[in-house]
Amino acid sequence: MLMLSERDVHVWSTHLDRDREQIAEFRQFLTPPERQRAAKFINPTHGDRWIVARGYLRQILSQYLDLTPAQLVFTYSQYGKPALEGSLLQFNLSHSRDRAVYGISATAPIGIDIEYIHPLPAADLVDRFFSPAEQSIFHSLPVETQQAAFFHAWVQKEAYLKACGTGLNTPLDQIEVSIDPSTPAAIVAAPSEGISYIQKLEISPEYASAIAIGSDVVGGASPGENRTWQKPRRIEYMGGESHSFETLI
């Protein structure tokens, strides 16, 4: 059984393209509704990737709870964020193309995002969804770095929203983050003070990724008490692939 201290965060990642035997194994972990959801994908590859992402999530969480993957029961907030029934363990997952990432914390709200870096109208999207201050910084960057800047900022915004649990109900232009891809991830301005730490994740050169961690229950404060936020003592890479997260301290 894996142990997770209050101020530590675990990050997992995996490839989603698997052989038929592995997909069948992950499928066994899923509930009938989850299997039905996977079957609804028009593209079979997308359905198989969803099965692996969900099955791997169950496999990971089971190691912290001393349960089998199939025994886990998920509940959902009004905005669709999943949680574990009967456990304070916090988790979040994201997948894009062939990669999935997972963040696990003992009690603090957590959000994680990964995006495959591909050509898109970055300037148009920034002008549509980012704040005026972010737009100014973005357009001041060399054109050749703007695509990387967009994804650098986008995964931060997504991770923040997922940690909050509100999804796109919070406008993206209300969350200001680091834009320059050569700089660390940072929350510049945001409507919630509950999400206080964000970190860029170096998963692969083909992907941008970030993790955001909240403070609602860090330190064990009771509801209504003043909370002194402490950043995670350690964000530790647990497994799935052979890259290093030594900088995540």
Side-chain angles (χ1 to χ4, degrees), residues 2-13 60 64 77 79 81-84 88-94 100-115 130-131 133-134 137 149 151-203 207-223 225-238 243-249:
L2 290 175
M3 304 301 294
L4 186 64
S5 68
E6 187 178 84
R7 287 179 54 214
D8 286 353
V9 170
H10 288 172
V11 172
W12 300 71
S13 77
I60 291 169
Y64 295 92
S77 72
Y79 298 114
K81 185 175 182 179
L84 281 166
L88 292 177
L89 191 72
Q90 301 291 301
F91 68 93
N92 200 236
L93 75 152
S94 177
V101 289
Y102 306 80
I104 316 290
S105 75
T107 56
I110 192 168
I112 197 166
D113 191 54
I114 186 170
E115 298 290 343
F130 287 20
S131 73
E134 291 173 322
I137 295 171
F151 283 103
H152 172 67
W154 188 267
V155 295
Q156 293 178 70
K157 290 173 180 279
E158 287 279 356
Y160 174 91
L161 290 173
K162 295 175 76 176
C164 290
T166 59
L168 292 177
N169 290 280
T170 300
L172 287 169
D173 62 2
Q174 291 186 15
I175 308 153
E176 293 188 11
V177 297
S178 163
I179 300 294
D180 188 337
S182 67
T183 62
I187 301 170
V188 178
S192 172
E193 296 181 356
I195 309 303
S196 307
Y197 185 77
I198 196 162
Q199 169 76 55
K200 182 162 101 173
L201 302 178
E202 301 287 354
I203 300 295
Y207 292 83
S209 186
I211 188 168
I213 302 157
S215 57
D216 283 354
V217 287
V218 169
S222 301
E225 291 183 9
N226 292 326
R227 305 169 195 269
T228 301
W229 187 82
Q230 302 178 74
K231 80 173 188 177
R233 177 172 53 234
R234 179 171 63 246
I235 301 180
E236 183 177 4
Y237 179 71
M238 296 302 295
H243 45 268
S244 172
F245 274 42
E246 293 178 355
T247 61
L248 303 186
I249 303 287

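All values below were derived from every heavy atom in this structure, side-chain atoms included, with hydrogens, water molecules and symmetry-related copies excluded.
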Problem set entry | Side-chain donor or acceptor of Q156 paired with backbone N/O of A186 under 3.5 Å | yes
Exercise. Can any side-chain N or O of K162 pair as donor or acceptor with the backbone N or O of I112 at less than 3.5 Å?
Worked result: yes
Problem set entry | Side chain proximity check, I235 to Y197, heavy atoms < 4.5 angstrom | yes
Seminar exercise, completed: Sequence neighbours excluded, the answer for side-chain contact (heavy atoms from CB on, under 4.5 Å) partners of L88 is T107
Exercise. When rounded to the nearest 0.5 angstrom, what distance separates OG in S13 from CG in L201?
Worked result: 9.5 Å
Exercise. Which is it for Y64 and L4 under the side chain to side chain contact (heavy atoms under 4.5 Å, CB included) test, yes or no, and what are the steps along the way?
Worked result: CA-CA 8 Å; Y64 295 92; L4 186 64; 4.2 Å; yes
Problem set entry | Which atom of M3 lies closest to which atom of H10, heavy atoms considered | O-CE1, 3.6 Å
Exercise. Side chains of F130 and I179: does their closest heavy-atom pair fall under 4.5 Å?
Worked result: yes
Seminar exercise, completed: All heavy atoms of T183 vs all of S178, minimum pair found to be OG1-OG, 2.7 Å
Problem set entry | By side-chain contact (heavy atoms from CB on, under 4.5 Å) - contacts of A163 (at least two apart) | I195, A212
Problem set entry | Contacts of type salt bridge (charged side-chain N to carboxylate O under 4.0 Å, His left out), residue K157, not counting sequence neighbours | E134
Problem set entry | Test item: L89 and I104 side chains (from C-beta on) under 4.5 Å apart, heavy atoms | yes
For this session: Of all the heavy-atom pairs spanning I203 and S209, show the shortest one and how long it is.
Result: CG1-CB, 3.7 Å
For this session: Could you tell me whether the side chain of K81 and the main chain of G111 form a donor-acceptor pair under 3.5 Å?
Result: no
Exercise. Can you name the side-chain contact (heavy atoms from CB on, under 4.5 Å) partners of T166, sequence neighbours left out?
Worked result: Y79, L161, C164, T170
Problem set entry | Nearest heavy-atom neighbours spanning E6 and A106 | CA-CB, 4.0 Å
Problem set entry | side-chain contact (heavy atoms from CB on, under 4.5 Å) against A208, all qualifying residues, sequence neighbours excluded | I117, F151, V155
Exercise. Side chain to side chain donor-acceptor pair (under 3.5 Å) with S94: which residues, sequence neighbours excluded?
Worked result: D113
Exercise. Would you call W154 and L172 a side-chain contact if the rule is heavy atoms closer than 4.5 Å?
Worked result: yes
